[in-house]
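Structure record follows, encoded as structure tokens.
Both counts, for ligands and for their atoms, begin at 1 and track the order of listing. These numbers were taken from a predicted model, which means no experiment stands behind them.
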Amino acid sequence: MQTVIVKASDGHCDVDGIKQAANILRSGGLVAFPTETVYGLGADGLNGQAVRKIFAAKGRPADNPLILHIFDLKQLEEIAAAVPDCAQRLIDKFWPGPLTLILPRGDRVPDAVTAGLDTVGVRMPDNDIALAFLAACKVPVAAPSANVSGRPSPTSALDVMDDLGGRVDCIIDGGKCSVGIESTVLDVTRPTPVVLRPGAATVEDIRSVVGEVAIDPCADGIDDCATSTPARSPGVKYRHYAPIAPLVLFEGDPKARLVELSRRIEKLVAEGKTVGVAVVSESLPYLPSGNGERLVVRDMGSALDPSRIAATLFSVLRAMDRDKVDIILVEGIHDTGVGFAVMNRLRRAAGGAVVRCS
Ligand code: TXA
Ligand code: MG
């Protein structure tokens, strides 16, 4: 399959390109598009047959439901059976933005979208190109992240091309995603809203709007939710965000973390391994200098700015793949605010390979 690339960089919408992409989607095709979080792989959300193509292109398990993307609140009427009062307050505060709400499912939503659940995830992205595209599509657009299942989410059109080139009909190139990690997923169908996946809409921010908020035990990325069936959010039970090389995460006291990280770097380099290291800017001066090409160091950004770390996280992991390192060592950050979402992604990418330092 030939993948058409539509250029819409720098926030400018190429109107004809957007129309062309929307026509592809409306006739049952797959279109990858930028959002403020990560690139999505879109299909007509009311067309079950089109939606099933998403699962085939990504190699995604069929029991993992998709988010419907909308550009206008009126679209909620056709996809959600009800909008609870607390959901309305969250919509007023966070939309358009990186918050997905799990709502009671409307009749028109196909089973392929919800994986047969009686709920549906909905979000309005905060990205002009995404909104222009969704408006041109005129239908709710079902879209997971536009990566091969299990890989880090894509934050540029090149990332999408690397994973899905030749497997999707069209990619809208809208440059880099500003947020860089996927939306917060919040279930508002329960008496107390539950965070199923943390994101840039933080637990603290959500609490300030609705009061009490519960956090699903799988949301911190520590629990191995592969065994807890049924998981509330089916997606959390699969290994995720994983680069090609094994990833080891260093958590705990910042000083002890650096000592342990440095020790590991020296050992691995001495063994002849090519080591990828991702640390916060503040740690850069303290790392061993390594052995020329054996050590690839990437700066994730300041520990004081977790939003910036979120914005670079997946592109750093994908860069490590392009550098063909044998192993990736990553320094953890403080897990409050957006840092909680960053640590969720890193713990899951590490798949249990976490070194706790004290
Ligand atoms: O930022 C994002 O959310 C991106 C962009 C493209 O919008 N999308 C995204 O989709 O990350 P995906 O499919 O990679 O992750 C969606 C998550 C999965 O963990 C899935 O299980 C959960 O949301 N989810 C979707 N519908 C659900 C539902 N009805 N009940 C519980 N969890 C649901
Ligand atoms: Mg995903």
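With sequence neighbours excluded, the residues that form a salt bridge (charged side-chain N to carboxylate O under 4.0 Å, His left out) with D111 are R105. Listed by chain and residue number, E271 satisfy the salt bridge (charged side-chain N to carboxylate O under 4.0 Å, His left out) test with K267 (two or more places apart in sequence, or in another chain).
Protein N/O/S atoms closer than 2.8 Å to the Mg ion (ligand 2): S145 OG.
Both L329 and Y286 belong to a single network of hydrophobic side chains, linked directly or stepwise wherever heavy atoms of I, L, V, M, F, W or Y lie under 4.5 Å apart. Under the 4.5 Å side-chain heavy-atom criterion for ILVMFWY residues, a single connected hydrophobic cluster contains both L90 and V213. With hydrophobic clusters built from ILVMFWY side chains whose heavy atoms lie under 4.5 angstrom apart, L164 does not share a cluster with M1.
Put simply, no part of R105 is less than 4.0 Å from ligand 1, judged by heavy atoms. Residue contacts with ligand 1 include V185, since one of its heavy atoms falls under 4.0 Å from the ligand.
Of the residues listed (T100, I102, L76), the one engaging V122 in a side-chain contact (heavy atoms from CB on, under 4.5 Å) is L76, and it is the only one.
Heavy-atom proximity to G40, at under 4.0 Å, picks out these atoms of ligand 1: 6 (C). Here is the list of ligand 1 atoms found below 4.0 Å of a heavy atom in S145: 8 (N), 9 (C), 10 (O), 12 (P), 14 (O). Those atoms of ligand 1 with a heavy atom of H69 less than 4.0 angstrom away are 5 (C), 6 (C), 7 (O). Close approach of ligand 1 to R60 (heavy-atom distance below 4.0 Å) involves ligand atoms 12 (P), 13 (O), 14 (O). Contact atoms of ligand 1 toward N64: 18 (C), 20 (C), 21 (O) (distance under 4.0 Å to a heavy atom of the residue). Ligand 1 places these atoms under 4.0 Å from at least one heavy atom of L66: 26 (N). The L117 neighbourhood of ligand 1 comprises atoms 28 (C), 29 (N), 30 (N), with distances under 4.0 Å to a heavy atom of that residue.
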Name every donor-acceptor pair, under 3.5 Å, that has one atom in a side chain of residues 335-343 and the other anywhere in the protein, sequence neighbours excluded.
residue	atom	partner	partner atom	Å
D335	OD2	R347	NH1	3.4
D335	OD2	R347	NH2	3.0

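Taking the six-membered ring where the residue is Trp, F133 and F33 present tilted rings, their angle falling between 30° and 60°.
Proximity annotation for atom 33 (C) of ligand 1: of A142, G121, P65, S183, P65 comes nearest, heavy atoms only. When R197, E182, E36 are ranked by how near their heavy atoms come to atom 15 (O) of ligand 1, first place goes to R197.
Under 4.0 Å is where a charged nitrogen must lie from a carboxylate oxygen, and between D162 and R151 no such pair does.
Counting all heavy atoms, side chain and backbone alike, P306 lies closest to I333 at CB-CD1, 4.1 Å.
In this structure, CE in M124 is found 12.0 Å from CG in L99, a value given to the nearest 0.5 Å.
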Output, in order, the C-alpha distance, side-chain angles, deciding distance and verdict of side-chain contact (heavy atoms from CB on, under 4.5 Å) for R207 and V195. CA-CA 11 Å; R207 276 202 182 118; V195 174; over 6 Å; no
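By the criterion of a heavy-atom distance under 4.0 Å, both the backbone and the side chain of T119 are placed next to ligand 1. Contacts between L196 and ligand 1, counted as non-hydrogen atom pairs separated by less than 4.0 Å, involve the side chain only.
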